[in-house]
There are 2 protein chains.
Amino acid sequence: MATTIKDIARRTGVSHSTVSRALRNDPLISVATTRRIQQVAREMAYLPSAAARSLKTNRSLVLGVIVSSIDDPFFSEIVFGIESCAQEAGYSLFIAASQHDPSRVEKIIQTMMEQRTDGVIICSSSLNSNQNRQLLEYGFPIVVVNHQAAENFHYSIYHDDVDGSRQVTRHLVELGHTRIAYLGNSLSGRTTLDRLTGYQAEMMEHHLQILEGYIHHVPGSNPALGVDGAMHFLALPKPPTAIVCFNDMLAIGVLQGCQQAGIQVPQQMSITGFDNITFSAYTNPPLTTLDQPKRSIGAEAARLLLTLLNSNQENPSFQPQQITLKGNLLVRQSTAQLTNREKK
Amino acid sequence: MATTIKDIARRTGVSHSTVSRALRNDPLISVATTRRIQQVAREMAYLPSAAARSLKTNRSLVLGVIVSSIDDPFFSEIVFGIESCAQEAGYSLFIAASQHDPSRVEKIIQTMMEQRTDGVIICSSSLNSNQNRQLLEYGFPIVVVNHQAAENFHYSIYHDDVDGSRQVTRHLVELGHTRIAYLGNSLSGRTTLDRLTGYQAEMMEHHLQILEGYIHHVPGSNPALGVDGAMHFLALPKPPTAIVCFNDMLAIGVLQGCQQAGIQVPQQMSITGFDNITFSAYTNPPLTTLDQPKRSIGAEAARLLLTLLNSNQENPSFQPQQITLKGNLLVRQSTAQLTNREKK
DNA sequence: TATCATTATGCACACGTGTGCAAGCAGGCT
DNA sequence: AGCCTGCTTGCACACGTGTGCATAATGATA
């Protein structure tokens, strides 16, 4: 059994309320007793019970984080950003992975409510409208990250996917490519649509045609599906000479798929990723991609949520806020000019 | 403000204790009232306060997990295994990353104690003896995973690193290699020592000499350090023809380092990893590695901890337990027989 | 009809912490 | 000496839930 303030009170011969005040450095208590009590508390290895405290203060100092999968390096980095910021402010993280399983999401939301989490950050696109409603009705502050239904929420951090996708596509156009395809992830909702939009806008601006079959979606974003995507494009009557991929995971698969089919990258095929996960620098050839500032995104999300929590006391109706961050094109070796032989 | 059992009591005209009992399906309460109360509870969207409950019952239904870094895919997968198992049993996870920062570890431990976590799983090697002592003194059940100082703890899950490293080394020997080097991570303590031991044992068994400079350590395990490691080995007067790497992250860097130096893998150099992280299947060439059952390791850790929690009530002194899991060699394309030209 | 067993419910306290208010105490002032 | 001020401390209740015990209500039995 852990020591409590009552134990300390007994030991020092004061009431438990005096101990409570002394530990919080309340000026009501004399310096002498405060010091004595804190000394004893240290000796007895006292640690306050978070449960009791949050019961009384109605603040748990815990933030809930919902991600779709922990072992996706993209989310890992966002979580990293969140954690750094939260830990600085004295908040801890309650992390749960939905694994794209609706029943699991249900449980997670319930748990977070039961834990009376001070706020929630959602980095998962797999919440349905009913779950959204439930969360909003409960009334705790929510910040969403790259979420498809962000208009339902008041506070969100966005990466400018349209802009990013335009940057990537423009890079390929400037290299001289005209037959450029897009490989999306049909499960990622709004995100893939934004990236598709950016691709389309840039193609249109340069009066480039998008041939039949050049826009293709696979149900997820692991490398194996990327291989499938590569097969699809290579089987077209007029295969593209460059493929804009939804993210790095897919791009890695496409890269492998092409190489298995004997297509040389980047000489015969240019491939771009999106996100700049750690491993994109270590593929062969290293991947040209869009460096999404993942840690900043996570940190911004946490910062926004913390601001929300602090302002909620004085200023009950904080105005909606939407922060957009832009990424940077990162040119590596998976893209190149067309060789003459391939231009035909 | 969330609804409480008192609200429900007022609404149904009974005392709060009756509500409390009805919600837990206590047979003391008549079936009729139980049903009525549960109905009202549902209507009012009642969710019990975890804080109040754990204050009263002394069980938080939360497990603490300490990892050294979240964005390391190896830990991500272990956490995944833990989460699956824990969620099934109704437990939630409190995850914190130490980032190899001792002061951060200090805070994490403190937080877990304050949260009165029911138990802790440690997947990080960066706890010093003082912190170990602190955790043990506090007295909550601890399960360590691949931890260097496991003998200080009573319950641990181990991957048999010595055996794994022997399997990898034997594979290279069987391919005909004789000049085999080992690249370790000096920060990983016991783990790198075990793998080194396995390598040495296998080399000795086949009467193979370990040349000067063939055992090399770098301070960490990211791909960039792997590149450094490759440089080291290639600069030796008699460079090795095969390199056993501490883990996949390093192996990926070594792979790139060799390729930058114009060395063909696997024709001129065989490289092996360890862990089998997702990306090791998508390097070029795909990495031969030791498939460590990461999810099983995580799940086993959670299972052991849960058993501990349940048995603690009846059986106060549960006997120490150490579970060892073995991994399997996974042969891909980063290893090959020596060509005649290179054998000289 | 009085007594008892059985069932259903409420009372009151507990968990550990925080806080408004009253009370005690010392010292300085008129 | 009496009063007021300022500083310290304790009392008592609150947060939301769980539980031992007493009590009330009902039905059965002698």
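Numbered from 1 within each chain, the chains take letters A, B, ... in sequence-line order. Basis for what follows: all heavy atoms, side chains included, without hydrogens, waters or symmetry-related copies.
Each of L55(B) and T18(B) was matched to the nucleotide of DNA chain D holding its nearest heavy atom; the match closer to the 5' end belongs to L55(B). Of the two residues near DNA chain C, V31(B) and K56(B), the one whose nearest nucleotide lies more 5' is V31(B).
Listed nucleotides dC15(D), dG18(C), dG10(D) differ in distance to K6(B); the shortest reach to its side chain belongs to dC15(D).
With hydrogens and angles ignored, the 3.5 Å screen pairs no side-chain donor or acceptor of Q321(B) with any backbone N or O of H154(B). Between the side chain of E83(B) and the backbone N or O of A97(A), at least one donor-acceptor pair lies under 3.5 Å.
Within the nucleic acid shown, S49(B) comes within 4.0 Å of sugar-phosphate atoms alone, with no base atom in reach, counting heavy atoms only.
The interatomic distance linking N58(B) (CG) with dG18(D) (P) rounds to 14 Å, in whole Å. Atom CG in N25(B) sits about 14 Å away from atom P in dA8(C), given to the nearest Å. Across the protein-nucleic acid pair, L23(B) atom CG and dG16(D) atom C1' stand 12 Å apart, rounded to whole Å. When rounded to the nearest whole Å, the span between CD1 of I5(B) and P of dA12(C) equals 16 Å. Look at CD1 on I29(B): it is 13 Å from P on dT19(D), rounded to the nearest Å. Put simply, CG on L28(A) is 13 Å from P on dC21(C), counting in whole angstrom units. H16(A) has its NE2 atom 9 Å from the C1' atom of dA12(D), to the nearest Å. In this structure, the CZ atom of R53(A) is 19 Å from the P atom of dC15(C), given to the nearest Å.
With 3.5 Å as the limit, one finds a donor-acceptor pair spanning the side chains of S30(B) and T33(B). Inspection of the Q39(A) and E43(A) side chains reveals an N or O donor paired with an N or O acceptor under 3.5 Å. Donor-acceptor pairing under 3.5 Å is recorded for the side chains of S15(A) and T18(A).
Counting distance only, with no hydrogens placed and no angle test, the side-chain atoms of R21(B) and the base atoms of dG10(C) include a donor-acceptor pair under 3.5 Å. In the interface, the side chain of S17(A) is paired with the base of dC11(D) through a donor and an acceptor atom under 3.5 Å apart.
Of the side-chain N and O atoms in S30(B), none sit less than 4.0 angstrom from OP1 or OP2 of dT7(C). Between T33(A) and the phosphate of dT9(D), there is a side-chain N or O to OP1/OP2 separation shorter than 4.0 Å. Under 4.0 angstrom from either OP1 or OP2 of dG16(C) there lies no side-chain N or O belonging to T4(A).
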